[in-house]
Undergrad: 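One structure is given below, represented as structure tokens, and several questions about it will come after.
These values consider heavy atoms only, across backbone and side chains, with no hydrogens, waters or symmetry-generated copies. These numbers come from a predicted model, not from an experiment. For ligands, and for the atoms within them, numbers begin at 1 and follow the listed sequence.
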Amino acid sequence: MRELLITLPDDFHVHLRQGPALAAYSRRSAEHFGRVLVMPNVVPPLSSARAMDDYRRSAEAHLAASGSGTRMLPTFKLVPGMGAEAVRACALAGAVAGKYYPAGSTTNAADGVPDPDSVQGELAAMEAAGVVLSVHAEDPGAPVLEREEAFLPVLDRIVNSYPGLKVVMEHLSTAAAVDAVRSWPARVGATITAHHLAFTLDDILGERLQPGFFCKPVLKAERDRTALVEAAISGSPKFFFGSDSAPHPPEAKRSGAAGCYSSPVAMPLLAGLFDQAGALGALEAFCAVNGARFYGLAANSGKLRLWEEAWTVPAELDGVEPLAAGRVLAWRAGRVP
Ligand code: NCD
Ligand code: ZN
């Protein structure tokens with residue numbers, strides 16, 4: 001049996017949700033990740049230092065109860081009219097990133113940003129405070145498979161207008177986005193999810209409709225997946241792991257919610273993918289080194305063990321259908337105590 005010991009990974013994009021589910025999702029993330037950058041698209045949105053801090057306290061209490069030592073990296077949500085002062089207050093309260101959702105682009109984004117000009121003061125304040133701009137890079141007005149590519153000129157404008165701003169293009173889904181991220185300066189990085197690396201549109205639509213693979217941005221074609229894998233195994237410090245784990249209860253999934261509950265299976269999936277690509281040696285940089293460096297953090301001190309052992313992803317975890325439910329994965333993962 002082959003096995004691998006790597007520095008404990010970080011998840012630089014996760015939805016831990018709110019209410020009773022927060023406890024289970026926090027505990028689940030703590031099983032494989034030393035730090036979690038938690039997205040602010042809860043209701044009401046985390047758009048003030050007070051809201052961010054209240055949410056942080058509840059998530060941190062659940063992480064602490066897991067006994068794992070996993071830490072939360074808080075974020076706020078950019079909404080037009082928020083104001084530069086609120087951005088500065090969030091930065092002082094420990095925000096590591098502010099999230100830009102184009103209005104109407106995804107779950108709970110109706111109150112997002114219609115145009116970058118509507119948040120000029122806020123972006124300048126983030127630039128001055130050294131807070132990373134995290135971007136859901138899709139133009140909701142474009143046809144669904146073209147939304148990411150259609151947003152690249154908008155992102156290009158943001159990157160060029162704020163020369164001191166650090167930017168993360170989240171959950172890359174296309175070869176065009178990989179090329180764009182490579183072409184921007186070093187202060188622009190990107191997260192890639194396990195599902196965009198492992199699956200394509202055919203997993204959603206190819207045989208029977210599989211809503212468990214439905215997320216924003218929608219999974220794309222094989223050539224896009226290949227470009228994402230190349231970026232992830234390249235060792236380039238611009239590319240790092242963010243699960244975009246986005247659980248929805250079965251009734252929400254039935255009514256069409258976008259999002260995959262990926263955090264329980266992400267590390268096993270990644271190990272299988274990197275192994276297939278002959279690049280297991282590059283896994284640690286992708287999920288435990290590059291992101292921490294981008295965010296100016298030291299690497300975690302803990303370790304994650306990955307070992308080759310076939311297992312079937314259960315139909316349900318924490319009341320939710322996990323990503324790849326029913327599929328057989330070749331690797332398992334567990335924290336070294
Ligand atoms: C996320 C969610 O449900 O919060 N959904 C998704 O499909 N990824 C939001 C997001 O990151 O787009
Ligand atoms: Zn997300």
Undergrad: Heavy atom under 4.0 Å from ligand 1: found in R17's side chain, backbone, both, or neither?
TA: side chain

Undergrad: Is the backbone of F33 close enough, under 3.5 Å, to the side chain of T70 for a donor and an acceptor to pair up by distance?
TA: yes

Undergrad: For the residue pair F240 and F294, is the inter-centroid distance of their aromatic rings smaller than 6.0 Å?
TA: yes

Undergrad: Going by the order shown, which atoms of ligand 1 are within less than 4.0 Å of some heavy atom of C215?
TA: 7 (O)

Undergrad: Could you list which atoms of ligand 1 come closer than 4.0 Å to a heavy atom of H15?
TA: 1 (C), 4 (O), 9 (C), 10 (C), 11 (O)

Undergrad: For ligand 1, which part of H171 has a heavy atom less than 4.0 Å away: the side chain, the backbone, both, or neither?
TA: side chain

Undergrad: Do H62 and E60 have side-chain N/O donor and acceptor atoms under 3.5 Å apart?
TA: no

Undergrad: Go through the side-chain N and O atoms of D318 and Y261 and say whether any donor and acceptor fall under 3.5 Å apart.
TA: yes

Undergrad: Give a yes or no on whether E170 keeps an N, O or S atom under 2.8 Å from the Zn ion (ligand 2).
TA: no

Undergrad: Determine whether the side chains of K220 and T174 contain a donor N or O and an acceptor N or O closer than 3.5 Å.
TA: no

Undergrad: For the atoms OD1 of D244 and NE2 of H13, give the angle they form at the Zn ion (ligand 2), rounded to 10 degrees.
TA: 90°

Undergrad: What part of H136 sits under 4.0 Å from ligand 1 if we count only heavy atoms: the side chain, the backbone, both or neither?
TA: side chain

Undergrad: Going by the order shown, which atoms of ligand 1 are within less than 4.0 Å of some heavy atom of A246?
TA: 1 (C), 2 (C), 3 (O), 5 (N)

Undergrad: Can you tell me if, anywhere in H136, an N/O/S atom lies at a distance from the Zn ion (ligand 2) that is smaller than 2.8 Å?
TA: no

Undergrad: Starting from atom 10 (C) of ligand 1, what is the nearest protein heavy atom, named by residue and atom, and what distance separates them?
TA: T106 OG1, 3.4 Å

Undergrad: Please determine whether H171 has a backbone or side-chain N, O or S atom lying under 2.8 Å from the Zn ion (ligand 2).
TA: no

Undergrad: Near H248, which atoms of ligand 1 are under 4.0 Å from a heavy atom of that residue?
TA: 3 (O)

Undergrad: With side chains defined as the heavy atoms from C-beta onward, is the minimum distance between P217 and H171 less than 4.5 Å?
TA: yes

Undergrad: Can you confirm whether E207 is buried at CD, in the sense that more than 12 heavy atoms of other residues, nucleotides or ligands lie under 6.0 Å from that atom?
TA: no

Undergrad: Considering only NZ, NE, NH1 and NH2 on the basic side and carboxylate oxygens on the acidic side, decide whether E3 and R305 come within less than 4.0 Å.
TA: yes

Undergrad: Who's the nearest protein heavy-atom neighbour of atom 7 (O) of ligand 1, and how far?
TA: K216 N, 2.7 Å

Undergrad: What is the nearest protein non-hydrogen atom to atom 5 (N) of ligand 1, stated with its residue, atom name and distance?
TA: A258 O, 3.1 Å

Undergrad: Side chains of E284 and T7: do they bring a donor and an acceptor to under 3.5 Å?
TA: yes

Undergrad: Below a 4.0 angstrom heavy-atom separation, can you tell me which part of N108, side chain or backbone, both or neither, approaches ligand 1?
TA: neither

Undergrad: Is there a side-chain contact between F199 and R327 in this structure, where contact means two heavy atoms from C-beta onward sitting under 4.5 Å apart?
TA: yes

Undergrad: In the protein, which heavy atom is nearest to atom 8 (N) of ligand 1, and how far is it?
TA: D244 OD2, 2.7 Å

Undergrad: Between E138 and S105, does any side-chain donor sit less than 3.5 Å from a side-chain acceptor?
TA: no

Undergrad: Looking only at heavy atoms of H13, does any of them come nearer than 4.0 Å to an atom of ligand 1?
TA: yes

